[in-house]
Amino acid sequence: MDYLSAREGRHPYKRQAAAERPSIFVFSMDMVAPDLYRQPSPFLEQMRMPNWQALAAESICFDNAFANSPLCGPSRAAMYTGRYPYIVINEERAHTGYELQVRPDDAIYPEYLKAGGYLTAHVGKSHIGVQKFADAFGEACSPWNRWAPPIWDDPEYHQYLRGMGVGKFRFSREIQGVKPDRRTPGNHYGGWLEQEDGKPFPIEATYPHYLVQRALAFLDSMLMRRRDEPLYLHVDLFAPHQPFLIPAGFEQREAELRASVELPDGYLRWLREGDGAFGPQPKVYRTYRRNWGLYQEETARDYLIAHILQMEVIDRALGTFIGGLRERGLYDEAMMVLTADHGEMNLEQGLIDKGVYGHPKIARVPLLWKLPENRRGGETILSPVSLLDLAPTFCEAAGMTPIARLDGESLYRRLDAPNAERARPFLWEAGWHIAPNPAIAIHRYLGPGDHYRYVYNLCSETDELYDLDAADAVNLINDPTYDAVRRDMLARLRDELSSDARWKCYWQAFTIDTYGEIPIESGDQQMFVPDH
């Protein structure tokens, strides 16, 4: 047995001598709407994403992959640790006393890879603190621990622009919501770029492309000191999260999209019928609609077009990254993962961005898993997986078995039994964003045609139930047709909450709210008697 910290004897692990130990490359994004990569979608036929499509043809696609939180920091904490996060809020809106960063005495999976002999590097966003990234990637790592990209104060990015002969950027056209009075200017969502002198702002100067070039520079540095070690490199974009930054060269694409792309039916229905158009919903949905302020169709159309174009900008960056791996002879024998930290509403029901509510569009994430030599490329696996599963997957690939509890399951299990039931269902948790809404969700998957998501909202009279195989995510909680499904999922959630001490924060309220519907143990719930 070995330890990540041998002096203190912390974080023990075991090695497996016969592991494959491929180089691992991760390309992750921030907040990707499912209808921009997953069917059914009204947009995919109009989008141009050849590099994403080529990677998908060489990868296993997990069609039902989910985050474990709808927010950047908590979701990334789950992904990196392989454990349910104690972080439930992003740093920029946190009340004093909330956990905002992964604790220094925790371990993230790149630390295990590094201990196992991998050369490790990371470029881009962190949002879980910088200490663990220094531990995993070394002092040359410079992850930015903020929700928004440092495009205005990153001196290395500015040096990169100067080297290209590109000046400071400004918006030639902006996208802006309005306040709840529907008149006063509100949130800024980015737009179309130009240089301050009016010259075009090239795609190579955008921040995603800068991060990819920086990642390839790190890669070259790793190769200079490499002997025969496998490599781990993670490029973590902020995009397509707004503010959208659309460079020059997309004028024709914009015109084509404006001629072919329609606003979502759910958005238009909200404009016609208001907040009551979608059946029972917790109040938090209305709060978010008023915050985003996309009451005007023209603004909503600008948002949608810019969103699609931002994805196409990312696709070019992905192509550059994969091309760089190929040029260095690293791609074919490597493992590669493409994913995101959470989803995006993309105007559905009058909502954009994400929020602390249970709608499946903000819970879904893309997940492409390219194995060495592109084994089983093009396969699609329907059984649900989560970002918790990445840590045990990468550790297994590296021949490392952490002794500590991991809440995820290795994706390798899906290779032999793609539809096998999970040993434990994974949970999803929301906390505080622009409003507090403590909520917890669970899935039931009994095969295609029987995949449901139940969301328990502690501070609302309304819970949520979704058929995840349906084209439209409509809350079915009050539909008597699904009463048996609802009761079954209440029992499943009860079992999870009662079997793990970490979920005691939900247990008492849950048993009160569901009293009379599901069996519960008798006795005092005030916890006067200590656990044994």
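Fair warning: this is a prediction, and the values are worked out from it, not measured in the lab.
Side-chain contact annotation: Ser142 with Arg214, donor-acceptor N/O pair under 3.5 Å present. A donor-acceptor contact closer than 3.5 angstrom is absent between the side chains of Ser69 and Glu429.
No donor-acceptor distance shorter than 3.5 angstrom exists from the side chain of Glu194 to the backbone of Lys199, with no hydrogens or angles considered. Under the 3.5 Å distance criterion, the side-chain polar atoms of Asp154 are matched with a main-chain donor or acceptor of Tyr157. In this structure, Arg376 contributes its side chain and Ile60 its backbone to no donor-acceptor pair below 3.5 Å. Without hydrogens or angle criteria, Ser75 side chain to Cys72 main chain gives no donor-acceptor distance under 3.5 Å. Although no hydrogens or angles enter the test, the distance criterion places no donor-acceptor pair under 3.5 Å between the side chain of Arg103 and the main chain of Asp106. At least one donor-acceptor pair under 3.5 Å links the side chain of Arg328 to the backbone N or O of Gly324. Looking only at distances, no side-chain donor or acceptor of His127 sits under 3.5 Å from a matching main-chain atom of Ala148. At least one donor-acceptor pair closer than 3.5 Å links the side chain of Asn68 to the backbone N or O of Leu427. A donor-acceptor pair is defined here as one N or O able to donate and one able to accept, closer than 3.5 Å; no such pair exists between the side chain of Glu174 and the backbone of Gly190. Side-chain atoms of Gln310 come within 3.5 Å of backbone N or O of Leu245 as a donor-acceptor pair.
The heavy-atom pair separating Val356 from Ala435 by the smallest distance is CG2-O, 3.2 Å. Minimum interatomic distance between Gly177 and Tyr189 (heavy atoms only, all atoms of both residues): N-CE1, 3.6 Å. A pairwise comparison of heavy atoms in Lys114 and Ala134 identifies NZ-O, 4.5 Å as the closest pair. Of all non-hydrogen atoms in Ala77 and Ile128, the two that sit nearest each other are N-CG2, 3.7 Å. Considering all non-hydrogen atoms of both residues, Met47 and Leu36 come closest at CE-O, 3.5 Å. Counting all heavy atoms, side chain and backbone alike, Pro12 lies closest to Met1 at CB-SD, 3.4 Å.
Counting heavy atoms from C-beta outward, Arg76 and Asp341 have side chains that approach closer than 4.5 Å. When side chains are defined from C-beta on, Leu347 counts as touching Leu294, because their heavy atoms get closer than 4.5 Å. Counting only heavy atoms from C-beta outward, the side chains of Cys459 and Pro436 never approach each other to under 4.5 Å. Looking at heavy atoms from C-beta onward, Ile246 lies out of side-chain contact with Leu193 at the 4.5 angstrom threshold. Between Val26 and Met336 there is no side-chain heavy-atom pair separated by less than 4.5 Å. Under the 4.5 Å side-chain criterion, counting only non-hydrogen atoms from C-beta, Asp389 is not in contact with Leu387.
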Under the salt bridge (charged side-chain N to carboxylate O under 4.0 Å, His left out) criterion, do Glu348 and Lys354 qualify, and how do the steps go? CA-CA 11 Å; Glu348 181 59 38; Lys354 75 284 189 178; over 6 Å; no
Passes salt bridge (charged side-chain N to carboxylate O under 4.0 Å, His left out), Glu379 versus Arg414? Steps please. CA-CA 11 Å; Glu379 285 191 24; Arg414 300 290 146 196; over 6 Å; no
Is there a side chain to side chain donor-acceptor pair (under 3.5 Å) between His307 and Asn346? Walk through the geometry before answering. CA-CA 8 Å; His307 200 177; Asn346 201 25; 2.8 Å; yes
Working note: Ser28 + His234, criterion side chain to side chain donor-acceptor pair (under 3.5 Å); need CA distance, chi angles, decisive distance, verdict. CA-CA 8 Å; Ser28 63; His234 187 164; 2.7 Å; yes
Evaluate Arg502 against Asp407 for salt bridge (charged side-chain N to carboxylate O under 4.0 Å, His left out), listing each step before the verdict. CA-CA 12 Å; Arg502 292 174 293 180; Asp407 295 309; 2.8 Å; yes
Can Phe66 and Val365 be said to form a side-chain contact (heavy atoms from CB on, under 4.5 Å), step by step? CA-CA 5 Å; Phe66 294 87; Val365 294; 5.6 Å; no
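The line from CG of Asp153 to CZ of Arg146 is 4.0 Å long, rounded to the nearest 0.5 Å. To the nearest 0.5 Å, atom CG of residue Asn187 and atom CD of residue Gln176 are 8.0 Å apart. To the nearest 0.5 Å, atoms CG (Leu309) and CZ (Arg48) are separated by 10.5 Å. Atoms OH and CG, from Tyr357 and Asn437 in turn, are 10.5 Å apart once rounded to the nearest 0.5 Å. A distance of 12.5 Å separates CZ of Arg21 from CE of Met335, quoted to the nearest 0.5 Å. In this structure, Leu231 CG and Ser23 OG are separated by 4.0 Å, a value rounded to the nearest 0.5 Å.
Summarising the local packing, CD of Glu92 is surrounded by more than 12 heavy atoms from other residues, nucleotides or ligands at distances under 6.0 Å. Applying the 6.0 Å contact sphere to CD of Gln159 captures no more than 12 heavy atoms from other residues, nucleotides or ligands.
A salt bridge links Lys125 to Asp30: one of the charged nitrogens lies within less than 4.0 Å of a carboxylate oxygen. Residues Arg253 and Glu312 are paired through a salt bridge, judged by an N-O separation under 4.0 Å between the basic side chain and the carboxylate. A salt bridge links Arg424 with Glu496: at least one charged nitrogen is closer than 4.0 Å to a carboxylate oxygen.
Note: Tyr285 and Tyr288 fail the aromatic proximity criterion, with ring centroids not under 6.0 Å apart. Ring centroid separation for the pair Trp192 and Phe244 does not come in under the 6.0 Å cut-off. Checked against a 6.0 Å centroid threshold, the rings of Tyr118 and Tyr232 do not count as neighbours. Checked against the 6.0 Å centroid threshold, Tyr3 and Tyr13 do not count as a close aromatic pair. Remark: aromatic rings of Tyr80 and Tyr109 are close, center separation under 6.0 Å. Residues Trp292 and Tyr303 keep their aromatic ring centres 6.0 Å or farther apart.
Below 30°, between 30° and 60°, or above 60°: for Tyr112 and His11 the angle between ring planes is above 60°, a perpendicular geometry. Ring orientation note: the planes of His443 and Phe426 are tilted relative to one another, at an angle of 30° to 60°.
Note that Arg316 lies outside the cation-pi zone of Phe321, set by a 6.0 Å cut-off to the ring centre and a 45° limit from the axis. Cation-pi check for Arg453 over Trp428 is met; the charged atom lies under 6.0 angstrom from the ring centroid and within 45 degrees of its normal. Judged by a 6.0 Å distance limit and a 45° cone about the ring axis, Lys370 is positioned over the six-membered ring of Tyr331.
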